[in-house]
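Comments concern the structure below.
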Protein chains: 2
Amino acid sequence: MFKKILIAEDFQDTNKGIVNALENRLQIEDIQEELYCDKAYNRFKVAFLNGEPYELLITDLSFKEGPVERKLTSGQSLINAVRSVDPSIRVIVNSMIDSPADINPLFTDQQINGYVCKGRNGLNELITAIQEVHQNRTYVSPQINLNSGNSVFELDKYDLLILQDLAEGFTKKEISEKLKLQNISPNSESTIDKKVSRLFDAFGAKNTHHLIAKLIKQGRI
Amino acid sequence: MFKKILIAEDFQDTNKGIVNALENRLQIEDIQEELYCDKAYNRFKVAFLNGEPYELLITDLSFKEGPVERKLTSGQSLINAVRSVDPSIRVIVNSMIDSPADINPLFTDQQINGYVCKGRNGLNELITAIQEVHQNRTYVSPQINLNSGNSVFELDKYDLLILQDLAEGFTKKEISEKLKLQNISPNSESTIDKKVSRLFDAFGAKNTHHLIAKLIKQGRI
DNA sequence: TAATCCCTTACGGATATCTGTAAGGGATTA
DNA sequence: TAATCCCTTACAGATATCCGTAAGGGATTA
């Protein structure tokens with residue numbers, strides 16, 4: 001079993017719950033908890049440079065703002081940071097997010113080793129995930145697999161780019177210009193129009209207000 | 001100190017963190033945890049009818065759907081239910097919600113005794129809250145008091161009526177017609193225009209997309 | 001009573017949206 | 001090569017939005 005684990009989780013109650021479970025149920029020798037991504041990263045780096053690296057990082061995705069200024073503000077950025085120090089570090093994400101659209105990139109882009117969705121069985125799943133990852137397997141909470149079975153319309157990165165800009169009040173003309181500046185193609189106002197109209201059909205929305213409202217309520221934007 | 005406490009919290013890791021803290025730091029004799037509102041309510045009711053009532057309920061507000069059908073789906077409904085059994089039960093809410101607009105009604109309408117906002121100091125605050133409530137005082141996480149100093153813009157019922165219709169894809173012309181049919185005044189398209197423009201200023205939104213996105217993300221619609 | 005303020009409403013102009021049509025280009029297929 | 005399909009783009013017209021101006025009416029105040 002792992003001997004040295006680092007936990008990044010900003011809610012104190014959750015944090016303690018995880019630490020207790022790992023101590024009592026897995027007899028991990030060296031567990032360290034941090035409430036800030038930056039602190040977690042520093043601790044990770046120091047341990048690595050001292051030749052006593054952590055073997056596993058368990059991290060939340062969302063971290064509240066605090067009184068301290070933050071460089072790393074999310075689990076995703078923490079993962080990138082620790083991987084730049086130690087590409088072989090294994091990572092389990094423990095978060096309340098349950099949409100496959102958000103979780104898939106963690107595996108494909110960031111190559112995490114496990115994903116546990118917080119919930120009524122979350123702690124048990126986390127224990128299982130740790131055991132699986134220790135055996136060099138990946139783990140995903142079962143309810144995530146089930147959900148992804150539902151043929152939900154998948155929003156790709158391009159869709160999200162547009163939708164997020166619309167939700168922030170940019171017009172399609174402005175979005176078109178932004179895409180051109182970033183050399184992202186396609187980028188014509190007309191194509192953006194078409195893409196969004198297609199999403200109206202896909203989500204049964206009457207207009208942009210409706211579409212954005214639906215998607216935010218579904219937690220997809 | 002309280003001898004008998006009931007905890008309703010659906011995230012297993014958080015739940016365990018709270019239970020451990022209460023056992024170790026407050027030496028509560030009888031702590032019971034539940035992952036579902038309905039189960040918490042049943043346990044509460046049985047204990048009350050047996051003449052061994054709980055003295056304190058600690059509950060989250062948001063509870064995930066589960067495999068079991070639920071009657072009570074939120075902390076608010078759980079509080080109402082237990083109060084109908086035992087009006088004197090003391091209640092502390094432990095939630096991640098931090099908007100005064102949502103928290104104030106808990107005190108004014110539901111007369112809870114304490115509110116703890118989950119976060120990096122949440123467990124310490126919860127301990128303090130329990131001690132305060134035991135002394136018949138109320139407790140609110142300090143960051144909430146600070147926030148409530150910010151004069152939050154209040155959306156009245158008329159605003160909400162319009163915003164909800166906009167979020168459902170109705171045009172201002174359609175909303176105007178709906179209001180006329182319902183004999184709600186004012187109802188001209190022009191006035192609706194003005195109301196919404198005023199909300200742009202109040203919330204720093206560039207246009208309707210932006211406004212709706214902001215308000216939904218804030219949980220106000 | 002007269003002045004003032006605020007809310008409602010109408011109207012108009014500049015933009016933005018939504019939708020349909022059609023042209024051009026790349027990829028696949030016959 | 002030719003036919004086909006799909007994606008991108010341009011364009012145009014009907015609506016809808018955003019925003020400013022101004023008129024009318026009710027309530028408050030001098």
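Labels below follow one simple rule: chain letters A, B, ... track the order of the sequence lines, proteins then strands, and each chain is numbered from 1.
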What does the list of N/O pairs under 3.5 Å between the protein and nucleotides 10-14 of chain C look like, with a distance for each?
residue	atom	partner	partner atom	Å
dA10(C)	N7	Ser190(B)	OG	2.9

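Within the 3.5 Å criterion, the main-chain N or O of Gly17(B) finds no donor-acceptor partner in the side chain of Asp13(A). Judged purely by atom type and a 3.5 angstrom limit, Arg70(B) uses its side chain to pair as donor or acceptor with the backbone of Lys64(B). Between the side chain of His134(A) and the backbone N or O of Ile130(A), no donor-acceptor pair lies under 3.5 Å. Without hydrogens or angle criteria, Asn113(A) side chain to Ile92(A) main chain gives no donor-acceptor distance under 3.5 Å. Side-chain atoms of Asn15(B) come within 3.5 Å of backbone atoms of Glu9(B) as a donor-acceptor pair (strictly under, hydrogens ignored).
Ion pair Asp86(A)/Lys45(A) not flagged as a salt bridge, since none of the NZ, NE, NH1 or NH2 atoms sits closer than 4.0 Å to an Asp/Glu carboxylate oxygen. Under the 4.0 Å criterion applied to side-chain N and carboxylate O atoms, Glu168(A) and Lys214(B) are not assigned as salt-bridge partners. Under a 4.0 Å N-O distance rule, the pair Arg90(A)/Glu55(A) does not qualify as a salt bridge.
Every stem involving DNA chain C, taken as at least 3 paired positions in a row under the Watson-Crick or G-U wobble test at 3.5 Å, is listed here: C:1-30 with D:1-30.
Atom-to-atom, CG of Leu211(B) to C1' of dA16(C) comes out at 17 Å; the value is rounded to the nearest Å. Between the C1' atom of dT17(C) and the CZ atom of Phe170(A) lies a distance of 18 Å, rounded to the nearest Å. As rounded to whole Å, 14 Å separates atom C1' of dT17(C) from atom CG of Leu166(B). Atom pair Glu174(A):CD and dT15(C):C1' shows a separation of 11 Å (rounding to whole Å applied). Atom CD1 in Ile212(B) sits roughly 13 Å away from atom P in dT17(C) (whole-Å rounding). Atom C1' of nucleotide dT15(C) and atom NZ of Lys172(A) are separated by 13 Å, given to the nearest angstrom. Atom P of nucleotide dT17(C) and atom CG of Leu163(A) are separated by 13 Å, given to the nearest angstrom. Between the CG atom of Leu199(A) and the C1' atom of dT19(C) there is a distance of 15 Å, given to the nearest Å.
Mapping Pro186(B) and His209(B) onto DNA chain C via the closest heavy atom, the residue that lands nearer the 5' end is Pro186(B). Along DNA chain C, the nucleotide nearest to Asn187(B) and the one nearest to Thr208(A) differ in position, and the one closer to the 5' end is contacted by Asn187(B).
Between chain B and DNA chain D, the heavy-atom contact criterion of under 4.0 Å yields a 5' to 3' nucleotide range of dA16(D) to dT21(D).
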Tabulate below the donor-acceptor pairs under 3.5 Å that side-chain atoms of residues 105-112 of chain B make, not counting sequence neighbours, or state none.
residue	atom	partner	partner atom	Å
Thr108(B)	OG1	Asn104(B)	O	3.2
Gln110(B)	NE2	Gln76(B)	O	3.1
Gln110(B)	NE2	Asn80(B)	OD1	2.6

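Applying the salt bridge (Lys or Arg N to Asp or Glu O under 4.0 Å) definition to pairs two or more places apart or across chains, those involving residues 170-185 of chain A are Asp165(A)-Lys178(A), Lys172(A)-Asp193(A). Screening residues 120-132 of chain A for side chain to side chain donor-acceptor pair (under 3.5 Å), with sequence neighbours left out, gives Arg25(A)-Asn124(A), Asn121(A)-Asn124(A), Asn124(A)-Gln12(B), Glu125(A)-Ser141(A), Glu132(A)-Arg137(A).
Within 4.0 Å of Thr191(A), counting heavy atoms only, lies at least one base atom of the nucleic acid. Nucleic acid contact for Lys195(A): sugar-phosphate only, since backbone atoms but no base atoms lie under 4.0 Å from a heavy atom of the residue.
Between Phe44(A) and Tyr54(A), the angle of the ring planes stays under 30°, which puts this pair in the parallel group of the 30/60° scheme.
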